[in-house]
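Numbering of ligands and ligand atoms starts at 1, following listing order. Along the sequence shown, the residues carry numbers beginning at 1.
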Amino acid sequence: MITTCLFPAAGYGTRFLPATKAMPKEMLPVMTKPLIQYGVEEAIEAGCDVMAVITGRGKRAITDHFDISYELEHQIKGSSKEGLLKDIRSIIEQCTFTYTRQNEMKGLGDAIYKGKVLVGDDKPFAVILADDLCVNPEGDGVLKQMVELYEKYRCCIVATMEVPMEEVHKYGVIEGNKIEDNIYMVSNMVEKPEVDKAPTNLAVIGRYILTPEIFNVIKETKPGKNGELQITDALCAQAKKGMVIAYRFKGKRFDCGSVDGFVEATNYFYKESQG
Ligand code: UTP
């Protein structure tokens, strides 16, 4: 049903300067794998085979990563190192990668709108922000959990988690009524609220299922917080029509857009690799 996953990856990643001066944030490796590859693997597990990436200037390394490197492969052919490219080669074989550029950083809503040309305007699609690295050691990945939920509810879905009240200012926050365990019908959404203006501590993280109507809604949405076109504002308009649910996902999420979260993820994956 949902076969396309959109990866908005046009941001500057200023919190990682100078590392991100000439290298995309999405290519920062946790252990030996770039962030965006974790996201692509999660999308494949969820049943997607078209990866639509919103890039920008200085992001060419992403395109190269998901392509064959003949010279390198020729060099290491037959050596013990050949196996290190097995996973990425299998990803390239399984998926189609499409790209378009967001020329100006006008916000996540604008980046998603730019994806219309890649995902089409007649079917639902998934969105992964690769700097939110998600794992579920106990079972299905977060996007797969959401795709299954889509089969039942057929509306927009946002992944949420509880955060300490003093951190709500970093997130889009939802308000809603619980309709099932871990599932809420969203009635309101606020982008990066101050503590006293936050309706709840249920924060939206970088996993979404969106229905194609979202493109018309984004088109009607005015720039919001920081003068950017916020996906939160577009989703809030849909929520007021009862068309958005929030899902408290099972698993862990690392905020790899911040240095602390990135280090935490690295420690976690290192520990896992040591058994
Ligand atoms: P962030 O605000 O976390 O990313 O956007 P950033 O701007 O790259 O990071 P900092 O704050 O400067 O360190 C969340 C996601 O949305 C994408 C980013 O690439 C990131 O994956 N995004 C954001 C876009 O693609 N375009 C935009 O205009 C804004």
Side-chain angles (χ1 to χ4, degrees), residues 5-30 34-40 42-43 51-63 65-66 97-119 125-134 142-143 158-161 163 167-173 189 191-193 203-208 210 214-215 218-219 221-235 253-265:
C5 186
L6 191 66
F7 291 83
Y12 291 126
T14 52
R15 281 168 287 173
F16 276 90
L17 282 171
T20 46
K21 185 165 173 270
M23 183 180 80
K25 168 171 76 171
E26 296 74 15
M27 288 301 293
L28 289 172
V30 169
L35 285 173
I36 193 161
Q37 188 176 330
Y38 286 93
V40 167
E42 187 183 330
M51 308 296 159
V53 189
I54 310 297
T55 66
R57 287 177 294 282
K59 301 275 185 172
R60 206 166 290 161
I62 298 176
T63 323
H65 184 69
F66 294 108
F97 287 85
T98 61
Y99 300 89
T100 192
R101 279 191 180 204
Q102 184 190 22
N103 309 108
E104 290 175 86
M105 299 317 115
K106 290 186 188 161
L108 182 56
D110 179 67
I112 291 175
Y113 190 77
K114 289 279 179 305
K116 183 177 168 185
V117 67
L118 303 177
V119 306
F125 58 98
V127 179
I128 287 185
L129 304 185
D131 45 4
D132 269 348
L133 206 171
C134 293
V142 176
L143 195 65
V158 295
T160 55
M161 61 185 256
V163 297
E167 286 183 21
V168 286
H169 67 277
K170 298 183 192 163
Y171 298 90
V173 172
M189 292 175 79
E191 180 65 16
K192 301 193 170 80
V204 178
I205 63 129
R207 299 289 180 280
Y208 307 80
L210 300 177
I214 198 72
F215 292 122
I218 296 175
K219 214 167 148 189
T221 304
K222 302 260 174 306
K225 198 116 193 171
N226 305 330
E228 293 185 345
L229 201 44
Q230 301 289 352
I231 190 63
T232 306
D233 295 339
L235 280 168
R253 168 259 187 187
F254 298 98
D255 174 13
C256 290
S258 76
V259 175
D260 285 352
F262 187 86
V263 172
E264 207 187 311

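When hydrogens are left out, the protein atom nearest atom 2 (O) of ligand 1 is R15 NH2, 4.4 Å; that is the closest non-hydrogen contact. With respect to atom 28 (O) of ligand 1, the closest heavy atom belonging to the protein is G107 N, 2.8 Å. When hydrogens are left out, the protein atom nearest atom 18 (C) of ligand 1 is G11 N, 3.7 Å; that is the closest non-hydrogen contact. Among protein heavy atoms, the minimum distance from atom 21 (O) of ligand 1 is reached at P8 O, 3.2 Å. Among all protein heavy atoms, the one lying closest to atom 8 (O) of ligand 1 is G13 N, 2.8 Å. Here the heavy atom of the protein found nearest to atom 12 (O) of ligand 1 is T14 OG1, 2.5 Å. Looking only at heavy atoms of the protein, atom 4 (O) of ligand 1 is closest to K25 NZ, 3.0 Å.
Below 3.5 Å of separation, one finds an N or O of Y12 facing an N or O of ligand 1. Of the polar atoms of A130, none of the N or O atoms is found under 3.5 Å from an N or O of ligand 1, judged by distance alone. Here's the thing with L108: none of its N/O atoms is less than 3.5 angstrom from an N/O atom of ligand 1. In terms of N/O distances under 3.5 Å, ligand 1 is not approached by G257.
For ligand 1, the atoms lying closer than 4.0 Å to a non-hydrogen atom of M105 are 28 (O). Remark: ligand 1 atoms within the under-4.0 Å shell around heavy atoms of Q102 are 24 (C), 25 (O), 26 (N), 27 (C), 28 (O).
In this structure, the side chain of R253 does not engage the main chain of G206 through any donor-acceptor pair within 3.5 Å. Without hydrogens or angle criteria, K106 side chain to G227 main chain gives no donor-acceptor distance under 3.5 Å. Side chain of K192 to main chain of K225: no donor-acceptor pair is present (N/O by atom type, distance under 3.5 Å, no hydrogens or angles). Using a distance-only test at 3.5 Å, with no hydrogens or angles considered, no donor-acceptor pair links the side chain of Y171 to the main chain of V163.
The shortest heavy-atom distance from E26 to ligand 1 is under 4.0 Å.
Counting all heavy atoms, side chain and backbone alike, V259 lies closest to R15 at CG2-O, 3.9 Å. Residues V204 and M189 share a closest heavy-atom pair of CG2-CE, 3.9 Å. Here the closest non-hydrogen pair linking M27 and M23 is CB-CG, 4.3 Å.
Ring geometry for F66 against F97 counts as parallel: the plane angle stays under 30°, on a 0 to 90° scale with 60° as the upper cut. In this pair, F125 and F215 present their aromatic rings parallel. The plane angle is below 30°, not in the 30 to 60° band.
Residue contacts with ligand 1 for A111 involve side-chain atoms from C-beta outward but no N, CA, C or O (heavy atoms, distance under 4.0 Å). Using a 4.0 Å cut-off between heavy atoms, D131 contacts ligand 1 through its side chain alone, with no backbone atom that close. At a heavy-atom distance under 4.0 Å, no atom of E228 approaches ligand 1.
In this structure the side chain of L108 reaches within 4.5 angstrom of the side chain of Y208, judged on heavy atoms. Using a 4.5 Å heavy-atom cutoff, the side chains of I62 and Y99 are in contact.
Note that atom 25 (O) of ligand 1 has protein non-hydrogen atoms nearby, at separations under 4.0 angstrom.
With K25 as the partner, the side-chain hydrogen bond (donor to acceptor under 3.5 Å, both in side chains) test is satisfied by one option alone out of D131, T20, T14: D131.
Nearest to atom 14 (C) of ligand 1 by heavy atom, out of L229, I36, L129, V259, is L129.
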